[in-house]
Amino acid sequence: MQIAVECQKRAEGSKPNALRRSGLIPAVLYGHKGCESISLTIPAKAVENLLKQRVINNVLIDLDIPEISWKGKTLLREVQRHPWKGFPYHLSFFAVGSQDSLEVELSLRFVGESVGVKMGGGLLDTVMMQLTVKCKPDSIPDAIEVDISNLNVGDALHIHELVLPAGVVAVAEPNQVVVSVLGSQGSSEEASETPA
């Protein structure tokens with residue numbers, strides 16, 4: 001999935017709150033020229049539409065800044081929100097055009113039905129819902145599929161056992177548990193009871 005967003009260079013001396021009142025959200029772009037950053041504004045409606053698509057740190061965004069004739073691929077690295085109202089307050093983009101590979105956080109999509117849950121009355125315990133991976137900017141998967149069909153009661157699936165798309169490498173500790181199947185509560189309580 002790839003998304004295009006047009007923004008404007010932020011006028012020097014403009015106040016963030018005044019911008020927000022006028023329907024613009026302050027933003028910043030890093031990495032387009034080494035350590036240099038550029039202050040931007042994006043229409044609030046465009047930000048709202050962007051965030052509906054769950055793009056933080058895992059989807060390439062084609063950012064276009066007509067005033068300085070800059071267009072390139074970026075990642076939305078951070079969204080600051082108002083502490084109690086919850087609306088987006090500030091966005092941080094990172095240019096990835098010059099990167100050979102980058103780290104992104106991907107959702108884990110559990111597929112299939114565990115044998116241990118279906119037949120053995122076990123409980124599925126999803127320890128991780130997201131996984132940080134390293135991959136090329138132009139080959140970021142939408143999600144990582146995790147097949148749980150063969151998991152029986154007492155089984156666990158670790159990061160090193162995940163089937164990752166070509167060119168995608170997990171960054172986390174390989175022996176970390178992703179998902180497991182626990183025995184049902186009734187059977188564990190019975191096992192722990194001792195005769196009076």
Side-chain angles (χ1 to χ4, degrees), residues 1-110 126-146 164-172:
M1 177 167 65
Q2 219 161 300
I3 298 163
V5 174
E6 189 174 301
C7 50
Q8 295 79 41
K9 190 175 177 186
R10 184 172 147 188
E12 220 170 291
S14 57
K15 304 281 185 225
N17 285 335
L19 289 169
R20 293 181 193 107
R21 282 193 296 272
S22 66
L24 296 171
I25 304 296
V28 67
L29 171 66
Y30 297 103
H32 72 300
K33 282 187 181 176
C35 297
E36 194 181 316
S37 67
I38 182 167
S39 296
L40 308 166
T41 58
I42 304 175
K45 193 70 182 166
V47 171
E48 190 182 315
N49 292 335
L50 185 65
L51 296 181
K52 277 180 189 171
Q53 300 179 64
R54 300 186 179 190
V55 295
I56 300 171
N57 208 27
N58 65 1
V59 174
L60 280 185
I61 298 166
D62 282 320
L63 201 66
D64 186 9
I65 313 167
E67 289 161 279
I68 60 166
S69 301
W70 190 90
K71 188 173 187 173
K73 297 188 185 312
T74 64
L75 278 178
L76 178 57
R77 282 292 195 199
E78 184 186 20
V79 177
Q80 294 174 18
R81 293 185 179 274
H82 190 279
W84 62 89
K85 293 181 182 174
F87 61 76
Y89 211 62
H90 189 275
L91 275 61
S92 297
F93 292 92
F94 180 72
V96 298
S98 60
Q99 306 290 314
D100 291 332
S101 67
L102 48 92
E103 285 187 15
V104 292
E105 205 168 79
L106 300 175
S107 297
L108 296 177
R109 189 182 296 145
F110 297 96
T126 50
V127 180
M128 298 175 69
M129 294 303 290
Q130 292 186 313
L131 179 67
T132 303
V133 300
K134 195 175 254 192
C135 62
K136 289 184 176 178
D138 58 354
S139 57
I140 302 173
D142 289 339
I144 301 292
E145 285 203 346
V146 181
L164 300 174
V168 176
V169 179
V171 175

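Remember, predicted model here, so these are calculated numbers, not experimental data.
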Undergrad: Considering residues at least two apart in sequence or located in another chain, which fulfil the ring pair (Phe, Tyr, Trp, His ring centres under 6.0 Å) criterion with His90?
TA: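 With neighbours one apart ignored, the set is empty.
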
Undergrad: How long is the gap from CG on Leu50 to CD1 on Ile56, to the nearest 0.5 Å?
TA: 8.5 Å

Undergrad: Between Leu51 and Pro88, what is the shortest heavy-atom contact and its length?
TA: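 The answer is CD1-CG, 3.6 Å.
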
Undergrad: Mind checking the CG-CD spacing from Leu75 to Glu105? Nearest 0.5 Å is all I need.
TA: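 Here the rounded value is 12.0 Å.
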
Undergrad: Mind checking the NZ-OG spacing from Lys136 to Ser101? Nearest 0.5 Å is all I need.
TA: 9.0 Å

Undergrad: For Glu103, check salt bridge (charged side-chain N to carboxylate O under 4.0 Å, His left out) against everything at least two apart and list the hits.
TA: none

Undergrad: Looking at Ile61, is its backbone amide N or carbonyl O close enough to the side chain of Thr74 to form a donor-acceptor pair, meaning the two atoms are under 3.5 Å apart?
TA: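 The answer is yes, because a donor-acceptor pair under 3.5 Å joins these two groups.
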
Undergrad: What are the two closest heavy atoms between Leu60 and Lys73, and how far apart are they?
TA: CD1-CD, 3.9 Å

Undergrad: Roughly how far apart are Lys71 NZ and Ile65 CD1, rounded to 0.5 Å?
TA: 11.5 Å

Undergrad: Where the side chain of Arg81 meets the backbone of Gly86, is there a donor-acceptor pair that is under 3.5 Å apart?
TA: yes

Undergrad: Applying side chain to side chain donor-acceptor pair (under 3.5 Å) as the test, list every pair that has at least one member in residues 6-18; sequence neighbours left out.
TA: Arg10-Ser14, Asn17-Arg20

Undergrad: Classify the ring geometry between Phe87 and Tyr89 as parallel (under 30°), tilted (30 to 60°) or perpendicular (over 60°).
TA: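 Geometry flag for Tyr89 against Phe87: tilted rings.
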
Undergrad: What's the shortest heavy-atom distance between Ala44 and Ile25, and which atoms?
TA: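 In terms of heavy atoms, the two residues are closest at CA-CG1, 3.8 Å.
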
Undergrad: Of all the heavy-atom pairs spanning Pro137 and Val96, show the shortest one and how long it is.
TA: CG-O, 3.9 Å

Undergrad: If you define the side chain from C-beta out and look only at heavy atoms, does anything of Asp62 sit under 4.5 Å from Asp64?
TA: no

Undergrad: Ser37 and Val28: which non-hydrogen atoms are nearest, and at how many Å?
TA: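 Between these two residues, the closest heavy atoms are CB-CG2, 3.9 Å.
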
Undergrad: Identify the two heavy atoms, one from Leu19 and one from Ser22, that lie closest to each other, and give their separation to 0.1 Å.
TA: O-OG, 2.8 Å

Undergrad: Enter the distance from Leu29:CG to Trp70:CH2 here, rounded to the nearest 0.5 Å.
TA: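 Here the interatomic distance stands at 5.0 Å.
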
Undergrad: Applying side chain to side chain contact (heavy atoms under 4.5 Å, CB included) to Leu108 and Thr126, what does each step give before you reach the verdict?
TA: CA-CA 10 Å; Leu108 296 177; Thr126 50; over 6 Å; no

Undergrad: For residues Leu106 and Ile140, determine if any side-chain heavy atom of one lies less than 4.5 Å from a side-chain heavy atom of the other.
TA: yes

Undergrad: Dump the intermediate steps for side chain to side chain contact (heavy atoms under 4.5 Å, CB included) on Met128 and Ile144, then the final yes or no.
TA: CA-CA 12 Å; Met128 298 175 69; Ile144 301 292; over 6 Å; no

Undergrad: Roughly how far, to the nearest 0.5 Å, is the CG atom of Leu24 from the CD1 atom of Ile42?
TA: 9.5 Å

